[in-house]
2 protein chains.
Amino acid sequence: MKVDGRVERGEQTRRQILRRAAVIASVEGLEGLSIGRLATELEISKSGVFAHFGSKEELQLATVRAAARIFVDEVITPAGAATGLARLERLLDGWLAYSERRTFPGGCFFYSVQAEFDARTGRVRDSIAEFDRGWVELIRTAAADVPDLAADPAQLAFELVAYLQLANARSVLHDDPDVYAHARAAVRAALDRATRRA
Amino acid sequence: MKVDGRVERGEQTRRQILRRAAVIASVEGLEGLSIGRLATELEISKSGVFAHFGSKEELQLATVRAAARIFVDEVITPAGAATGLARLERLLDGWLAYSERRTFPGGCFFYSVQAEFDARTGRVRDSIAEFDRGWVELIRTAAADVPDLAADPAQLAFELVAYLQLANARSVLHDDPDVYAHARAAVRAALDRATRRA
DNA sequence: CCTACCGATCGGTAGG
DNA sequence: CCTACCGATCGGTAGG
């Protein structure tokens with residue numbers, strides 16, 4: 001074992017690269033993310049960045065994984081051990097707060113890169129699609145776990161996720177924070193309908 | 001006046017360039033659209049493409065305008081002279097059919113480029129944002145013109161547009177046409193609620 | 001992690 | 001519309 005801390009510094013550099021990469025990609029996309037630009041911004045050499053990943057595709061995949069960890073920390077973990085309606089509400093509120101506080105400057109990282117890669121093929125697209133499936137499935141399952149739900153969980157999940165996504169999209173495109181109020185009203189009304197006693 | 005048809009051929013070439021540009025951009029984005037690639041695919045020289053626009057930004061702006069004309073022809077014009085609830089329904093059905101039939105291979109052109117440019121600055125982003133404002137305003141106005149509407153038109157328009165956008169996004173990302181059924185059910189339920197007599 | 005490269009492609013220009 | 005260029009930047013490699 002080396003004791004001069006070289007490995008440790010290497011991992012720290014890698015984390016710095018990925019943090020910056022996720023920030024850039026949320027604005028410019030994962031293709032617009034260039035190794036040369038990352039190197040310039042982080043004040044290391046281009047091959048210094050390159051050596052951590054071996055190819056641009058691996059850099060993109062590692063960036064998606066890093067963004068997924070941030071998403072989990074900011075949206076899913078805070079929902080904690082809540083169950084039933086409280087859990088669903090916490091996940092939805094958590095997502096809206098995550099988008100609104102601009103954890104990523106271009107809004108939700110996954111909205112940006114999904115639209116960029118949705119019509120392509122390859123491992124990057126696949127990893128993004130898998131993340132999206134997991135998120136929607138999480139919301140569907142949380143909806144299904146609400147006692148006496150008066151709605152199809154999959155249909156309700158579709159509608160709820162639609163409100164979140166449009167709020168993020170329109171707030172970034174129009175610099176308009178008011179759309180979050182529309183999204184919160186829509187979520188509230190949908191949950192009220194779905195939990196109304198027959 | 002020239003009578004050898006040179007100007008006419010020039011305009012035809014320009015139209016061909018823009019049609020191809022809109023198709024490419026719906027998959028690869030307006031930045032991924034390169035003048036060299038357009039030239040290769042259309043079998044003309046790179047400077048032959050360039051001469052029509054003078055800069056990449058002008059090519060991008062012309063592509064947005066060309067896509068807007070296609071959108072109007074496919075979604076808005078078919079709604080014709082219908083009024084009230086019928087007009088709103090025709091616009092929403094028309095949009096879902098336009099997305100589902102893949103007028104653009106990457107799904108709705110404007111969804112793709114909005115996500116690409118939403119966090120940038122400049123004339124291309126401004127033209128895309130203006131188009132989006134116009135579309136949402138069209139839906140809000142159509143909703144407001146429904147007699148005895150039992151909902152806030154702006155809130156209803158937000159929810160309806162959200163269903164359309166998520167159906168497009170998820171059908172492209174997951175090659176899953178079933179999401180259109182979710183969107184149509186959500187639209188139907190929202191319109192039923194909004195037109196229910198008190 | 002570095003310097004020093006490679007071929008390919010980018011947007012754009014000159015001159016016709 | 002063409003050929004023939006330009007400087008800049010891209011992802012990636014060699015060799016340390």
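Computation of the quantities below employed the complete heavy-atom set of this structure, encompassing side-chain atoms and omitting hydrogens, waters and symmetry-equivalent molecules. Below, chains carry the letters A, B, ... as their sequence lines are ordered, and counting in each starts from 1.
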Expressed as a whole number of angstroms, how long is the span from [X]:[atom1] to [N]:[atom2]?
| X | N | atom1 | atom2 | value |
| --- | --- | --- | --- | --- |
| A/Ile35 | C/dC5 | CD1 | C1' | 16 Å |
| A/Gln60 | D/dC10 | CD | C1' | 13 Å |
| B/Leu33 | C/dC10 | CG | C1' | 12 Å |
| A/Glu58 | D/dG11 | CD | C1' | 14 Å |
| A/Glu43 | C/dC1 | CD | C1' | 15 Å |
| B/Phe53 | D/dC1 | CZ | C1' | 13 Å |
| B/Glu11 | D/dC1 | CD | P | 11 Å |
| A/Leu38 | C/dC1 | CG | P | 13 Å |

By nearest atom, which of the nucleotides [options] is closest to the [X] side chain?
| X | options | value |
| --- | --- | --- |
| B/Thr13 | C/dC1, C/dG12, D/dC1 | D/dC1 |
| B/Ile44 | C/dC1, C/dC10, D/dC1 | D/dC1 |
| A/Phe50 | C/dC10, C/dC1, D/dG12 | D/dG12 |
| A/Lys56 | C/dG12, D/dG12, D/dC1 | D/dG12 |
| A/Ser47 | D/dG12, D/dC1, C/dC2 | C/dC2 |
| B/His52 | D/dC1, C/dC1, C/dG12 | D/dC1 |

- Message: I need the A/Ile44 CD1 to A/His52 NE2 distance, nearest 0.5 Å.
- Response: 6.0 Å
- Count the heavy atoms belonging to other residues, nucleotides or ligands that lie under 6.0 Å from CD of B/Glu41, then report whether that count exceeds 12. yes
- Item | Pair assignment for D/dC2, Watson-Crick or G-U wobble, requiring both distances under 3.5 Å | C/dG15
- Message: Which nucleotide, if any, forms a Watson-Crick or G-U wobble pair with C/dG7, using both distances under 3.5 Å?
- Response: D/dC10
- Query: Mapping B/Arg14 and B/Lys46 onto DNA chain D by nearest heavy atom, which one lands closer to the 5' end?
  - Reply: B/Arg14
- Query: Is A/Leu59 touching bases, backbone alone, or none of the nucleic acid, heavy atoms closer than 4.0 Å?
  - Reply: nothing
- Give one of base, sugar-phosphate or nothing for A/Leu42, where a contact means two heavy atoms less than 4.0 Å apart. nothing
- Query: Are any side-chain N or O atoms of B/Arg125 and backbone N or O atoms of A/Leu173, one a donor and one an acceptor, separated by less than 3.5 Å?
  - Reply: yes
- Query: Does a nitrogen or oxygen in the side chain of A/Ser45 sit under 4.0 Å from OP1 or OP2 of C/dC1?
  - Reply: no
- Do the rings of B/Phe131 and B/Phe71 sit parallel, tilted or perpendicular, given the 30° and 60° boundaries? perpendicular
- Item | salt_bridge(B/Glu58, B/Arg123) N-O dist < 4.0 Å | yes
- Message: Which is more 5' along DNA chain C, the nucleotide nearest B/Gly36 or the one nearest A/Gly48? Just name the residue.
- Response: A/Gly48
- Taking atom types as modelled, is there a side-chain donor on A/Arg102 or A/Ser171 under 3.5 Å from an acceptor on the other? yes
